[in-house]
Amino acid sequence: MRAFAALALGLAAFAAAGGSASAQTLRTMLTSDIRGVMPGRSPDTATGSVLQNIYEGLVAWRADGSVAPMLAEKIDISADGKTYVFTLRDGIKFHNGAPLTAKEVVWTWERFLDPKSAWPCRGAFNGTNATKIETVKALDERRVEFQLAERSGSFLSAMARGDCDSAGIAHPDAVDANGNWVTAIGTGPFKLAEWRKGQFIELAKFADYKPRTEPSDGLSGAKEAKVDKVRIDLVPDAQVAKLGILQGKLDLWADVDAASIKDFANDKNVTVVTTPVAGIYTIPLQSRDPVLADPRIRQAISHAVDRASLAKAVLDDASIASPSLIPLTSKYYGKVQRSGAEYDPDKARALIKASGYKGERIALITSKASPVMADTAIYLQSMLQAVGLNVDVEILEFATQFERFYSGRYQMMVWNLTPYLDPLFIVERFTGDKARQADKVWDSPASKELLKKLVTADDGQDKQALYDELHRLQMAEAPLVVWGTRATTVAFRKSVTGFQAWPGQKPRYWNVSVAP
């Protein structure tokens with residue numbers, strides 16, 4: 001009865017939205033609400049899916065993880081690699097009509113770097129992982145200077161990070177007198193029209209948007225809002241979302257659950273596309289926990305996981321199984337990254353016995369934020385119990401799970417990482433000093449030293465050797481279990497043109513049209 005009521009309410013919501021829809025409205029959905037409007041404040045997929053259409057940064061990632069200018073017209077770098085001067089494109093406006101100047105760039109970056117802002121990406125720029133911004137200042141109306149403490153080969157890529165919403169530049173009117181972000185005012189092709197928490201988000205075409213002239217590529221290049229509005233309903237129930245697509249009440253579902261794929265396959269009005277993305281499926285292990293502090297237990301967990309079977313069971317796609325922090329989509333994924341975590345339950349049992357494990361309870365935290373997260377926990381529990389580990393599954397609301405991860409208060413957790421087109425930032429996301437940042441998972445001296453080498457490496461250096469060394473260390477220390485490269489399935493009505501699934505996963509609503 002409760003499920004039927006939820007289904008009826010969901011379809012009613014679509015009906016209400018559909019009544020005001022037109023050929024100029026793209027109707028889509030998310031399974032969970034966004035977590036705020038400050039660019040980069042929350043790295044979850046839902047928030048980024050909305051904010052990447054609103055904000056733009058000085059630079060942006062192409063689909064292959066290389067960096068392109070976005071709000072910057074040109075970038076001048078000093079001979080010593082410590083000074084970057086960005087010249088802004090002329091004629092760019094914010095969604096409130098104000099012109100983009102160097103002043104707003106400085107204002108935004110001062111808030112990013114302020115410890116009080118709790119910006120999750122701050123660690124990439126405050127010296128925690130070798131890159132440190134010393135100063136940001138306006139040279140004139142269109143030029144901004146960033147001074148670094150030391151040369152950093154990854155500085156521009158760090159600025160382009162998708163989980164940081166490309167370090168999008170905002171207007172000060174987005175913040176109230178107390179410094180709270182109350183709305184989103186960026187320079188992107190869409191502006192925030194309405195956010196009704198727990199119900200929907202509506203984006204509107206920004207009429208004064210000035211696109212770049214280069215071809216669209218990843219989060220860079222030419223962007224055009226070809227619809228007047230994007231209506232994003234919050235639909236946590238997969239059955240409701242499926243019926244929304246089949247009945248034409250939704251145009252696009254950007255992350256279809258595996259159970260619904262077959263229902264779309266025979267519908268001539270629906271296109272289904274599955275693609276690997278530059279993210280990974282992980283199980284972080286808390287090395288400060290009394291049980292999991294023993295690397296033999298962590299290694300046992302890794303060898304107890306049948307990755308191919310798990311991928312087949314959860315996603316019906318064994319091809320994405322992988323043990324590496326480096327996703328299959330990366331040019332740095334090679335022979336080494338495929339090795340070192342073979343499924344071997346006998347070896348797992350031997351490691352458990354050698355550790356002196358006495359049956360202590362191990363909690364595996366997950367949530368119902370997506371069917372994949374809940375299903376992963378159930379299959380993992382079975383695999384780990386089969387080798388003698390006393391594992392219980394705890395299902396939390398995603399907001400609670402989010403807080404537990406960032407505070408480090410867990411033993412094991414299902415944590416599916418948002419895509420990073422540059423794999424350096426997958427490594428950076430998990431690696432660092434737990435004492436300084438509780439959400440870091442891997443804080444051995446060797447891992448932190450390797451991260452620093454990767455951060456400072458220029459494009460001409462042999463990064464493959466560093467990534468190979470990192471993988472071997474990951475297998476030896478087992479700070480987390482990686483069981484696959486993420487994949488996403490998109491379903492959209494035949495009336496939708498221009499939408500493309502891509503390694504960055506988060507839907508790009510620009511350059512997309514909807515026919516009557």
Side-chain angles (χ1 to χ4, degrees), residues 238 255-263 265 272 274-285 292 296-330 333-353 357 362-395 411-417 426 471 474-475 478-489 505:
D255 194 11
V256 176
D257 75 309
S260 299
I261 295 173
K262 292 179 182 178
D263 294 315
V272 179
T274 299
T275 185
V277 300
I280 54 176
Y281 295 111
T282 73
I283 312 296
L285 306 176
L292 299 179
R296 292 170 294 188
I297 293 291
R298 303 196 302 270
Q299 291 168 356
I301 291 170
S302 181
H303 286 294
V305 178
D306 185 343
R307 290 166 173 79
S309 294
L310 181 59
K312 180 67 176 176
V314 173
L315 297 166
D316 196 27
D317 186 359
S319 69
I320 55 91
S322 169
S324 179
L325 281 168
I326 312 306
L328 290 160
T329 56
S330 172
Y333 189 94
K335 182 179 180 180
V336 171
Q337 283 66 38
R338 289 189 289 270
S339 67
E342 293 75 15
Y343 173 54
D344 191 339
D346 288 337
K347 184 173 183 178
R349 293 185 187 97
L351 286 164
I352 292 168
K353 183 178 180 179
Y357 174 72
I362 302 172
L364 172 58
I365 292 174
T366 190
S367 75
K368 291 185 177 179
S370 72
V372 170
M373 294 185 73
D375 292 347
T376 297
I378 299 303
Y379 283 104
L380 276 172
Q381 179 188 37
S382 177
M383 292 176 182
L384 298 179
Q385 287 178 343
V387 297
L389 292 173
N390 179 19
V391 175
D392 285 338
V393 173
E394 291 185 9
I395 301 177
Q411 288 179 288
M412 298 172 59
M413 179 179 289
V414 177
W415 194 252
N416 299 337
L417 193 67
I426 296 180
H471 179 80
Q474 177 200 340
M475 295 300 99
L480 75 173
V481 171
V482 179
W483 63 266
T485 288
R486 291 190 66 175
T488 189
T489 297
Q505 183 188 17

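Fair warning: this is a prediction, and the values are worked out from it, not measured in the lab. Count residues from 1 along the sequence.
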Decide yes or no for P323 and Q474: does some side-chain heavy atom of the first lie under 4.5 Å from some side-chain heavy atom of the second?
no

Is there a side-chain contact between V372 and L315, using heavy atoms and a 4.5 Å cut-off?
yes

Carefully, step by step, assess T282 and N416 under the rule side chain to side chain contact (heavy atoms under 4.5 Å, CB included).
CA-CA 6 Å; T282 73; N416 299 337; 5.7 Å; no

Minimum side-chain heavy-atom gap I320-Y281 below 4.5 Å
yes

Atom of V481, atom of R307 and distance for their closest heavy-atom approach:
CG1-NH2, 3.6 Å

Quick one: list whatever passes side-chain contact (heavy atoms from CB on, under 4.5 Å) with Q411, sequence neighbours left out.
D289, L292, I362, A363

Enter the distance from K347:NZ to Q299:CD here, rounded to the nearest 0.5 Å.
7.5 Å

What salt bridge (charged side-chain N to carboxylate O under 4.0 Å, His left out) pairs are there with at least one residue in residues 369-392, not counting sequence neighbours?
R361-D392

Of all residues at least two apart in sequence or in a different chain, which pass the side-chain contact (heavy atoms from CB on, under 4.5 Å) check with L364?
I283, A377, L380, V391, V393, M412, V414

Check the pair I426 / L417 against side chain to side chain contact (heavy atoms under 4.5 Å, CB included), numbers first and verdict last.
CA-CA 8 Å; I426 296 180; L417 193 67; 3.7 Å; yes

Any chance you could measure I352, atom CD1, to R296, atom CZ, to the nearest 0.5 Å?
11.5 Å

Tell me, do Q505 and D255 make a side-chain contact under 4.5 Å, heavy atoms counted?
yes

Do T329 and R486 pair up side chain to side chain, a donor and an acceptor below 3.5 Å, judged on atom types alone?
no

For a 4.5 angstrom cut-off between non-hydrogen side-chain atoms, does T274 reach T488?
no

On a heavy-atom basis, which atom in Q337 and which in S322 lie closest, and how many Å separate them?
O-OG, 4.4 Å

Is there a side chain to side chain contact (heavy atoms under 4.5 Å, CB included) between I280 and W483? Walk through the geometry before answering.
CA-CA 8 Å; I280 54 176; W483 63 266; over 6 Å; no

Drop me the distance from M373's CE to I365's CD1, to the nearest 0.5 angstrom.
10.5 Å

If you measure only the distance, is there a donor-acceptor pair under 3.5 Å linking the side chains of D263 and S260?
no

Calculate, to the nearest 0.5 Å, the distance between atoms OG and CG belonging to S330 and L325 respectively.
11.5 Å

Donor-acceptor pair, distance only, cut-off 3.5 Å: does the side chain of Q385 make one with the backbone of M383?
no

May I ask you to test the L285-I301 pair for a side-chain heavy-atom distance under 4.5 Å?
yes

Could you measure the distance from the OG atom of S302 to the CD1 atom of I297? Nearest 0.5 Å is fine.
13.0 Å

With a 3.5 Å distance limit and no angle check, can you tell me whether T485 reaches the backbone of L328 through a side-chain donor-acceptor pair?
yes

Any side-chain heavy atom of K312 within less than 4.5 Å of one from D316?
yes

Taking every non-hydrogen atom, the tightest pair across P327 and Y333
O-CB, 3.4 Å

Contact check, side chains of V305 and Y343, non-hydrogen atoms, under 4.5 Å:
no

A318 and A311 have their tightest heavy-atom pair at CA-CB, 4.0 Å

Spacing of R349 atom CZ and Y357 atom OH [to the nearest 0.5 Å]
14.0 Å

Quick one: does H471's side chain have a donor or acceptor within less than 3.5 Å of a partner on V336's backbone?
yes

